[in-house]
Protein chains: 4
Amino acid sequence: MARRPLTKVRKIASQQRSRATVDALVEATARILVKDGFDKASTNRIADVAGVSVGSLYQYFPGKEALVAAVIERHQHEIMQTVRGELAGVLDQPVEKAVRKLVAAAVKAHRVDPKLHRVLAEQIPRVGKLEKLERFNGENFTLFRTYLESRRDELLVDDLELASFVCVTSIEALTHNAVLHHSRMLSDAAMEALTDEVARLVIRYLKG
Amino acid sequence: MARRPLTKVRKIASQQRSRATVDALVEATARILVKDGFDKASTNRIADVAGVSVGSLYQYFPGKEALVAAVIERHQHEIMQTVRGELAGVLDQPVEKAVRKLVAAAVKAHRVDPKLHRVLAEQIPRVGKLEKLERFNGENFTLFRTYLESRRDELLVDDLELASFVCVTSIEALTHNAVLHHSRMLSDAAMEALTDEVARLVIRYLKG
Amino acid sequence: MARRPLTKVRKIASQQRSRATVDALVEATARILVKDGFDKASTNRIADVAGVSVGSLYQYFPGKEALVAAVIERHQHEIMQTVRGELAGVLDQPVEKAVRKLVAAAVKAHRVDPKLHRVLAEQIPRVGKLEKLERFNGENFTLFRTYLESRRDELLVDDLELASFVCVTSIEALTHNAVLHHSRMLSDAAMEALTDEVARLVIRYLKG
Amino acid sequence: MARRPLTKVRKIASQQRSRATVDALVEATARILVKDGFDKASTNRIADVAGVSVGSLYQYFPGKEALVAAVIERHQHEIMQTVRGELAGVLDQPVEKAVRKLVAAAVKAHRVDPKLHRVLAEQIPRVGKLEKLERFNGENFTLFRTYLESRRDELLVDDLELASFVCVTSIEALTHNAVLHHSRMLSDAAMEALTDEVARLVIRYLKG
DNA sequence: GATGAATGAGCGTTCATTCAT
DNA sequence: GATGAATGAACGCTCATTCAT
């Protein structure tokens, strides 16, 4: 009986140690990406910034790509955390409200960690296999498409596939550009105005 | 007196040679960017593909960045060449027609060299301060803004700055995504449909 | 008094455990050497295959070299086990018989674990001072030398040192090459033929 | 007319520079192999010892293997240089003379650069595809086989394939061992004695 | 004793850039 | 001007070894 807890504690201790190392590495990667960009994020530097040896880095990640992937995953997780509630009842709501909520959610998503979001969006495509961000947009697309389907009678548009593409792409681009490139707009009032305007764009398009 | 013309001829000859070398280098850079991406575009390889020595490359360009910048410039020049006429009378035309023309021009612009455009858009931000592409959009923005100003009475929107941002960003994003990511849409009929739809989005937004 | 036997049992138990660990490590080393070669035999991998932690590996062996040395020792032990009887009465027998027996023993020795033998012979010299294999040949040399001494009158050769070198080296090289490189010869009949031929080589050399 | 020689000189100059670099690298590789063995022959170290940058190493050799291959080639070239004449008339000569010449040639071959030969023989097999050394032995085998064929009537052996294997393997092993492991034998007189003894071994085997 | 996370020197290799020719 | 051999810092990654738990 004496050894059980001991064993358990050891295991937890090492798990904590591992976890801390992994977290430090992902955090360091994110920081370097934001501060210096993808090309400066060398494995040695990441390890260095994480206060860990390169060896440890490779104990937990098969390579640089995996670290970036982890950063992306973490970022998306955080976005989800923030946005989830926002999108809950959306499917049951009238177009005006639903669209406004979607736009507001998009804005919120882009404000989670704007600098990181920008780097991920701009510099990561080259990694090739890392289509996590696109998959994310794919989800948005599907959600929106489903919603339009359910309201088809109220809508002015007839090709719902095309309409979804138009709306999702516009919302994404507008929030992305506003938040990431024109950060002077970042005042809450300005954000409100933007949200209104984007919602207006989409609603007029859908309902005339 | 005997040497002047000779010199001149030589000079011209050498100027032509220089020009040819520069062109070959820019062309080689573009080709490699399209075929293999930014990371594989090493200076040695560019010189090789251009049929020129690395030394010569550095005679004409201070570094890799400058070559990419030249490619961007050339690409924009080609786009301008293609689009210029399209936008000529636009300022004098009614909203419906003007917007349609602008959208059509945007589509045309993205069809000039889509693969190159994609690479430039996705992989180049890393080069740091190369905001040539943004400057390009800036011009579009200004043009559009000016147009809205001239038609302000007909419009439903009141913040023209904001409205310009909304319209230009949407048009750019939609054509970019359609042409570069969903190339299955590339049939002329589909392109027509897209143009119509984007124009509809903008016009409804502007005029209700 | 109550604890003595207990302690003893524990000690034995742990000795057994130690023995098992050591064996597992040596076995794992041998397996990896055979399957993947010296370069792939990293200490971490050996420990892994042995189902033991790296830490434990270093508890029992001062380093990688020591493990390989242990494998060599074990291999030689197994060869001895197999060959010992073969060489028992050899000293009392006439040249023809004795030589034939020696050659047969050499063949047998090389057939104990040919793949391991080959790896040890080819890849181990790099380890530096591991002359265990040579020491092994040294024993053969001494044995053979002693035998020739006892038969000196019957022999055609006069420098027995030289003759021993010639015979032992030839026997070793021929059996080694035959077994390890030309494994198509491995049929029992072929092996018999080889043994005959090598014996003939040596006997003619010694007795004309 | 003025530029031709200039051009030529330039080209020669650069060819000489290249040649010198390549030679320095091969030489450095050989030296390190001899002094410290295969494992210590890292590309950086080779370049260092050659007085050349790593970059230059990779300009001329695709990797470490290629350097070792070049060393092997050079070594074999030197052996050929030394041995060629020795084997010229051999096919037309009587067994005694021919065998003696072959053995003498083998000894000579092993004395070209014994330490290097040893390293190449012992540490290189792991590279896998580098069967240059074996191919070399293959040539010896073929030559010997052909010779035996032409003298078949005089010989006591009937399986010429097997006999060739026995002879070539023995000669190679004996000269190799004598020269590389027992270098105390290296006096010319001792070498003479060894040559005689090995020739005797082979001749008695072939002719009784 | 046993564990396995952590270490870091060192590996093979690339590539933007320079400079003697 | 043109050449291309040469450079070397920096990269991604491995692995024998140590040591806190």
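Protein chains get the first letters and strands the later ones, always in sequence-line order, with residue 1 at the start of each.
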When you compare the protein's N or O atoms with those of nucleotides 8-10 of chain F, which come within less than 3.5 Å of each other, and at what distance?
| residue | atom | partner | partner atom | Å |
| --- | --- | --- | --- | --- |
| F:dG8 | O6 | D:Gly55 | N | 3.4 |

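A:Arg19 places its CZ atom 14 Å from the P atom of E:dA5, with the value rounded to the nearest Å. Rounded to whole Å, the distance from CZ on A:Phe38 to P on F:dC11 is 13 Å. In this structure, B:Leu25 atom CG and E:dT17 atom C1' are separated by 15 Å, rounded to whole Å. Residue A:Lys64 contributes atom NZ, which lies 9 Å from atom P of F:dC11 at whole-angstrom precision. Note: CZ (B:Arg45) to P (E:dT17) measures 18 Å, nearest angstrom. One interatomic measurement links the two molecules: CG of D:Asp39 to P of F:dA16, which rounds to 11 Å at whole-angstrom precision.
If you check every strand for non-hydrogen atoms under 4.0 Å, B:Tyr60 touches sugar and phosphate atoms only.
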Worksheet entry | Intermediate values then yes/no, side-chain contact (heavy atoms from CB on, under 4.5 Å), C:Glu122 and D:Glu122 | CA-CA 6 Å; C:Glu122 286 179 350; D:Glu122 287 179 348; over 6 Å; no
Item to complete: Kindly indicate, with the supporting measurements, whether the criterion side-chain contact (heavy atoms from CB on, under 4.5 Å) is fulfilled by C:Lys115 and C:Val119.
Response: CA-CA 6 Å; C:Lys115 285 175 184 172; C:Val119 175; 5.7 Å; no
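Residues A:Asp36 and A:Arg45 form a side-chain contact, since some pair of their non-hydrogen atoms from C-beta on lies under 4.5 Å apart. At a threshold of 4.5 Å between non-hydrogen side-chain atoms, the residues B:Thr21 and B:Leu25 count as touching. Side chains of C:Lys40 and C:Leu33 form no contact here, defined as non-hydrogen atoms less than 4.5 Å apart.
Comparing B:Leu57 and A:Pro62 by the nucleotide of DNA chain F whose heavy atom lies nearest to each, the residue mapping closer to the 5' end is B:Leu57. The residue among D:Val52 and A:Thr43 whose nearest nucleotide of DNA chain F lies closer to the 5′ end is D:Val52.
Considering only side-chain N and O atoms, C:Gln59 lies under 4.0 angstrom from the phosphate OP1 or OP2 of E:dA2. Regarding contacts with the backbone of F:dT3, every side-chain N or O of B:Tyr58 stays at 4.0 angstrom or more from both OP1 and OP2. Listed pair A:Thr21 / E:dA6 meets the phosphate criterion, a side-chain N or O lying under 4.0 Å from OP1 or OP2.
In terms of heavy-atom proximity, B:Ala70 sits nearest to B:Val26 at CB-CG2, 3.8 Å. The minimum heavy-atom distance linking C:Lys64 with C:Ala41 is given by the pair CE-O, 3.0 Å.
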Worksheet item: For DNA chain E, what is the dot-bracket line, given that a base pair needs Watson-Crick (N1 to N3, plus N6-O4 or O6-N4) or G-U wobble (N1-O2 and O6-N3) geometry with both distances under 3.5 Å, and | means paired with another strand?
Response: .||||||||||||||||||||
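The CG atom of D:Leu120 lies 8.5 Å from the CD atom of D:Gln76; values are rounded to the nearest 0.5 Å.
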Which side-chain N or O atoms in residues 49-63 of chain B pair as donor and acceptor under 3.5 Å with protein atoms at least two apart or in another chain?
| residue | atom | partner | partner atom | Å |
| --- | --- | --- | --- | --- |
| B:Ser53 | OG | B:Ser56 | N | 3.3 |
| B:Ser53 | OG | B:Ser56 | OG | 3.3 |
| B:Tyr60 | OH | B:Ser18 | OG | 3.0 |

